[in-house]
Amino acid sequence: MAIDIGGTKIAGALVHPDGTMSATTRRATPRGVDAEDVMAAVAEVVADLSASPLWGAVVRCGIGSAGPVDTSRGTVSPVNIGAWREFPVQERVAAELAARGADLPTVLVGDGVAMTAAEHWLGAARGYANALCMVVSTGVGGGLILDNRLHPGPTGNAGHIGHISVAFDGEPCACGGRGCVESVASGTAIARWALDQGWTPTAGSGTGGAGGASTARDATAAGVAGAAAQGDPIALAAFDRAGRALAAAIAASATLVETDIAVIGGGVAAAGDTLFGPIRTHLAQYATLSFVQGLRVVPATLGTHAGLIGAAAAAATLLSAPPAPASASVSEPSPVSAAASSSEA
């Protein structure tokens, strides 16, 4: 089973060995409440899942959460859930499971690592032995696949590319550093820089969704992307700047650990070629050594399902999967796809 905890929703599902989901459920993440009230929403999600006739077949639980996380302690301090600071979510979820007759092994991962596990199992990184997967949204996070294995690191934060510095004299970052990728390329940073340069959002500058152009003045990164698509020079420069920062970080990561592909998801990635065009252009200036010149940059494919699918994939990979043999082909299925074929994750 999988639980996905974010700033706006808490979702759960029983995830089958082929990646399909059943008994999906969700609650809004409570606002303006204490830690126990947020945990009560998580408990309601677990209760919903326990009502499924498949509950008895569940063999493990993966918990994906917004961060920061500390998987060595099982705690989370999500920036967008103010009531939780060093909250022992893994221990508390395990207790909820046990109370409903499911004394299961559990694992906690950050949302960037969950997205990475999902994209490697069923998405754009499938078939690649070494991959960097990224979420570019209000923040910038990520995770690593190395030698066909998910690599979360000792505290679950390996691959957190948003806090690689790409500008020595850059702006201070919320993390306390300076010139971080997140301070240049996040949706928040893109919109802020464009406004500071004199960009003025206009009615219809956003995408407006399926109904067409928005009539509101959209001062977010989506609004900047809409303006860039219409040729606004400041908006184009904002995405070029973000793309350059991402390209520098992607090339540095590939040079360090020899990744073959970078997969980018999140709300800012919805800008499409407005973002990916500059990334690929600038990547040629940074990924110059022979062993990184073939590095690919592609959009993620699993969208909003990545959190739940990735939590389940991480659970199967980190809790029960044996190490892959050294001769395994990169086209072999991810360990989660071979796990307990008659059971639920």
Side-chain angles (χ1 to χ4, degrees), residues 2-7 10 35 38-39 42 60-95 104-120 125 130-165 173-178 180-183 186 249-250 252-253 256-257 259 263 265-266 306-308 310-321 323 335-336:
I3 298 173
D4 179 24
I5 301 171
I10 298 167
V38 179
M39 185 61 213
V42 177
R60 63 185 74 89
C61 175
I63 308 160
S65 176
V69 303
D70 184 344
T71 59
S72 68
R73 300 171 58 209
T75 61
V76 298
S77 302
V79 172
N80 49 12
I81 305 178
W84 277 7
R85 289 296 171 264
E86 298 186 359
F87 186 78
V89 66
Q90 185 173 354
E91 177 185 336
R92 294 294 299 274
V93 168
L104 302 176
T106 63
V107 69
L108 170 67
V109 294
D111 51 6
V113 173
M115 176 265 195
T116 299
E119 291 291 336
H120 186 240
N130 302 287
L132 168 70
C133 298
M134 304 172 61
V135 179
V136 184
S137 186
T138 53
V140 178
L144 289 166
I145 299 292
L146 299 177
D147 293 331
N148 262 327
R149 299 179 182 89
L150 187 65
H151 184 76
T155 66
N157 294 291
H160 201 343
I161 193 170
H163 296 286
I164 288 178
S165 178
C173 180
C175 73
R178 183 175 289 275
C180 294
V181 174
E182 183 170 296
S183 70
S186 69
I250 289 167
S253 298
L256 185 66
V257 294
T259 47
V263 177
L308 287 169
T317 301
L318 299 174
L319 288 173
S320 65
V336 69

note = Minimal heavy-atom distance between V93 and M39, with the atoms involved, is N-CE, 4.1 Å

task = State, to 0.1 Å, how close D4 and G307 come at their nearest heavy-atom pair, and which atoms those are.
result = OD2-CA, 3.8 Å

key: Euclidean distance, N148 CG relative to H120 NE2, rounded to 0.5 Å   = 4.5 Å

Separation of C175 SG from H163 NE2 (nearest 0.5 Å) = 5.0 Å

key: Side-chain donor/acceptor of D70 to backbone N/O of T75, under 3.5 Å   = no

inquiry  = Would the distance check show the side chain of S183 and the main-chain N or O of C173 forming a donor-acceptor pair, the cut-off being under 3.5 Å?
reply    = no

task = Return yes if a side-chain donor-acceptor contact under 3.5 Å exists between Q90 and T106, otherwise no.
result = yes

query = With distance as the sole test, does S77 use its side chain to make a donor-acceptor pair with the main-chain N or O of E86 at under 3.5 Å?
reply = yes

key: Side chain to side chain, T155 and V69, heavy atoms closer than 4.5 Å   = no

key: Closest contact, heavy atoms only, A117 versus A314   = CB-N, 4.0 Å

query = With under 30° as parallel and over 60° as perpendicular, where do the rings of F87 and W84 fit, or are they tilted in between?
reply = parallel

message = With a 4.5 Å cut-off on side-chain heavy atoms, are I161 and L132 touching?
response = yes

remark   = Shortest non-hydrogen pair, P68 vs V79, comes out as CD-CG2, 4.0 Å

Any donor-acceptor N/O pair, E182 side chain to V140 backbone, under 3.5 Å = yes

query = Are any of the side-chain heavy atoms of I164 and S253 separated by less than 4.5 Å?
reply = yes

ask   = Would you say L104 and R60 make side-chain contact, with heavy atoms under 4.5 Å?
value = no

ask   = Do any N or O atoms from the side chain of T71 and from the backbone of G156 form a donor-acceptor pair under 3.5 angstrom?
value = yes

ask   = After noting the C-alpha distance and the side-chain angles of S186 and T138, does the key distance pass the side chain to side chain contact (heavy atoms under 4.5 Å, CB included) rule?
value = CA-CA 5 Å; S186 69; T138 53; over 6 Å; no

Worked check of side chain to side chain contact (heavy atoms under 4.5 Å, CB included) between V76 and L108 = CA-CA 9 Å; V76 298; L108 170 67; 3.9 Å; yes

ask   = Can any side-chain N or O of R85 pair as donor or acceptor with the backbone N or O of P78 at less than 3.5 Å?
value = yes

query = Below 4.5 Å, heavy atoms only, C-beta onward: do V109 and I63 meet side chain to side chain?
reply = no

query = Which atom names give the shortest non-hydrogen contact between C61 and I3, and what distance separates them?
reply = SG-CD1, 4.4 Å

query = At what distance, to the nearest 0.5 angstrom, does CG of L318 lie from CZ of R149?
reply = 12.0 Å

request  = Could you tell me whether the side chain of T259 and the main chain of N130 form a donor-acceptor pair under 3.5 Å?
outcome  = no

note = Rounding to 0.5 Å, atoms CE (M134) and OG1 (T116) come to a distance of 10.0 Å

ask   = Minimum heavy-atom separation for C133 to A125, with atom names?
value = SG-CB, 4.2 Å

